[in-house]
Amino acid sequence: MNPEDLPVWNFDGSSTGQSIGENSDIYIKPVACFRDPFRKGNNILVMCETLTHEMEPHPSNKRHECYQNMVRCADQKPWFGIEQEYTLFDYTGRHPYGWPANGYPGPQGPYYCGVGSDKVKGRKIVEAHYRACFYAGIKIAGSNAEVMPSQWEYQVGPCEGIEMGDHLWVSRWILQRIAEEFNVVISFDPKPIPGDWNGAGCHTNISTLAMRQPGGYEHIEAAIKKMEPLHLEHILDYDPSGGADNKRRLTGLHETASIENFSYGVAHRGASIRIPRQVAADGFGYFEDRRPSSNSDPYVVTNRIVKTICL
């Protein structure tokens, strides 16, 4: 289905905090289509951009600028792969799913990529989400249990340009819709449990055509050097609260770099930017920005990245 074949529609923006009751209608313009894994048949899920009553991009519409910049750098073929972390909570949204009713599970260590009901909780949800995304046409690439119990991750990509944001947002919607069936709440909070527990990120892997070709390592290093003086600008765009959410997560502990400083290194999960060891060995490939929070807007994140390294 081509989204251009679908009509522009509207909804009540006053009920979502996007307009006032006296001028409530917000236009929605279809921009991407996916097969509907819930109704199946000929039904589809449609990602839409929001437009004001004057048919201009709504202030909440972060896709529009991202799309324009992706078009501008299309010749560089920017690819992205995002690792979406999230935490399962019970139906109240306050207690981590499967945690003891009065207390905490054992310390972190045996849960990452774990197996067995004493180590992982919610695998049926994870598997149902994976299958639903696969049916929908989302470029989902994998999933794994994370370091904190009841925390999971799935990967989407590689996606080129604007496709990254479209696929990740729809995959998040599918995840929350699947969780309804299990009476479970999905949290994208970057530090859902304070204390000695890992937070949740949205690690973003990036490459351009030049980086993926032999000799591309010098282009990877050049891109990272462009990012370094703009560390604050990236932090402001890497969570929806201008860095306030990420400040709870980026402490320099639990496989994070400090929010205050920019750093990078090969195979270094305590750095802002990690260059995979295989990439350093091959001399080409991609790099990983570990700063985006789990609740970041992928349109804002990928837009910020291409503005820094491509434009």
Side-chain angles (χ1 to χ4, degrees), residues 62-83 155-165 168 190 201-243 245-247 249-250 252 255-294 296-311:
K62 306 304 181 184
R63 186 185 189 276
H64 181 76
E65 181 186 322
C66 181
Y67 175 74
Q68 289 182 317
N69 285 329
M70 292 300 176
V71 170
R72 289 175 62 195
C73 65
D75 60 317
Q76 298 179 55
K77 298 190 179 300
W79 285 7
F80 302 93
I82 289 185
E83 305 164 29
Q155 303 89 35
V156 175
C159 294
E160 186 168 329
I162 196 65
E163 185 180 60
M164 185 70 257
L168 193 70
C202 217
H203 302 154
T204 302
N205 299 278
I206 312 113
S207 69
T208 61
L209 179 60
M211 295 177 196
R212 297 189 294 271
Q213 293 178 333
Y217 195 81
E218 65 178 86
H219 296 281
I220 292 172
E221 289 189 312
I224 295 171
K225 291 296 184 182
K226 289 179 181 179
M227 285 181 153
E228 185 168 12
L230 296 176
H231 175 62
L232 177 58
E233 286 84 347
H234 280 253
I235 289 296
L236 292 174
D237 281 342
Y238 280 3
D239 76 49
S241 301
D245 291 344
N246 240 343
K247 190 172 184 179
R249 168 180 162 257
L250 297 179
E255 299 181 90
T256 71
S258 169
I259 196 171
E260 304 294 337
N261 304 306
F262 182 88
S263 58
Y264 71 96
V266 174
H268 195 339
R269 281 180 164 78
S272 309
I273 304 291
R274 179 182 69 92
I275 301 172
R277 189 173 302 283
Q278 191 64 51
V279 170
D282 292 343
F284 62 91
Y286 67 97
F287 65 95
E288 174 194 40
D289 192 336
R290 298 179 58 80
R291 295 171 293 175
S293 69
S294 51
S296 61
D297 184 333
Y299 294 132
V300 177
V301 170
T302 56
N303 185 36
R304 176 67 265 177
I305 290 170
V306 297
K307 284 196 295 185
T308 297
I309 71 171
C310 296
L311 298 177

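What's counted below: heavy atoms across the whole structure, side chains too, no hydrogens, waters or symmetry copies. All values derive from a computational prediction rather than experimental measurement.
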[X] [atom1] to [Y] [atom2] distance, which is reported to the nearest 0.5 Å:
{"X": "Gln76", "Y": "Met211", "atom1": "CD", "atom2": "CE", "value": "8.5 Å"}
{"X": "Arg277", "Y": "Asp282", "atom1": "CZ", "atom2": "CG", "value": "12.5 Å"}
{"X": "Ser293", "Y": "His203", "atom1": "OG", "atom2": "NE2", "value": "10.5 Å"}
{"X": "Thr256", "Y": "Arg269", "atom1": "OG1", "atom2": "CZ", "value": "13.5 Å"}
{"X": "Asp289", "Y": "Arg274", "atom1": "CG", "atom2": "CZ", "value": "11.5 Å"}
{"X": "Glu288", "Y": "Tyr264", "atom1": "CD", "atom2": "OH", "value": "16.0 Å"}

Below 4.5 Å, heavy atoms only, C-beta onward: do [X] and [Y] meet side chain to side chain?
{"X": "Arg291", "Y": "Ile273", "result": "yes"}
{"X": "Met164", "Y": "Ile305", "result": "no"}
{"X": "Val301", "Y": "Ile82", "result": "no"}
{"X": "Pro190", "Y": "Asp239", "result": "no"}
{"X": "Arg212", "Y": "Leu209", "result": "yes"}
{"X": "Pro298", "Y": "Val156", "result": "no"}
{"X": "Leu250", "Y": "Ile235", "result": "yes"}
{"X": "Thr302", "Y": "Met70", "result": "yes"}

[X]: what forms a side-chain contact (heavy atoms from CB on, under 4.5 Å) with it, not counting sequence neighbours?
{"X": "Glu228", "value": "Lys225, Phe262"}
{"X": "Tyr286", "value": "Asn205, Ser207, Pro276, Val279"}
{"X": "Ser258", "value": "Glu260, Asn261"}

Compare every heavy atom of [Y] with every heavy atom of [X], then report the nearest pair and how far apart it is.
{"X": "Ala257", "Y": "Ser272", "answer": "CB-N, 3.5 Å"}
{"X": "Arg249", "Y": "Pro292", "answer": "NH1-O, 3.4 Å"}
{"X": "Gly265", "Y": "Ala271", "answer": "N-CB, 4.2 Å"}
{"X": "Ile275", "Y": "Ala280", "answer": "CG2-N, 4.4 Å"}
{"X": "Ser296", "Y": "Tyr238", "answer": "CB-O, 3.3 Å"}
{"X": "Leu236", "Y": "Gly242", "answer": "CD2-O, 3.3 Å"}

Under 3.5 Å, which donor-acceptor pairs do the side chains of residues 213-220 form with other protein atoms, sequence neighbours left out?
none

As a quick check of understanding, evaluate side-chain contact (heavy atoms from CB on, under 4.5 Å) for Tyr299 and Ile162, giving each step before the final call.
CA-CA 7 Å; Tyr299 294 132; Ile162 196 65; 3.9 Å; yes

Kindly write out the residues that satisfy salt bridge (charged side-chain N to carboxylate O under 4.0 Å, His left out) with Glu65, not counting sequence neighbours, or none if the list is empty.
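Partners of Glu65 under the salt bridge (charged side-chain N to carboxylate O under 4.0 Å, His left out) test: Lys307.
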
How would you list, by chain and number, every residue that makes a salt bridge (charged side-chain N to carboxylate O under 4.0 Å, His left out) with Asp237, sequence neighbours excluded?
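Partners of Asp237 under the salt bridge (charged side-chain N to carboxylate O under 4.0 Å, His left out) test: none.
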
Using the rule side-chain hydrogen bond (donor to acceptor under 3.5 Å, both in side chains), only one of Thr308, Asp297, Asn69 pairs with Asn303; which is it?
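Result for side-chain hydrogen bond (donor to acceptor under 3.5 Å, both in side chains) with Asn303: Asn69.
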
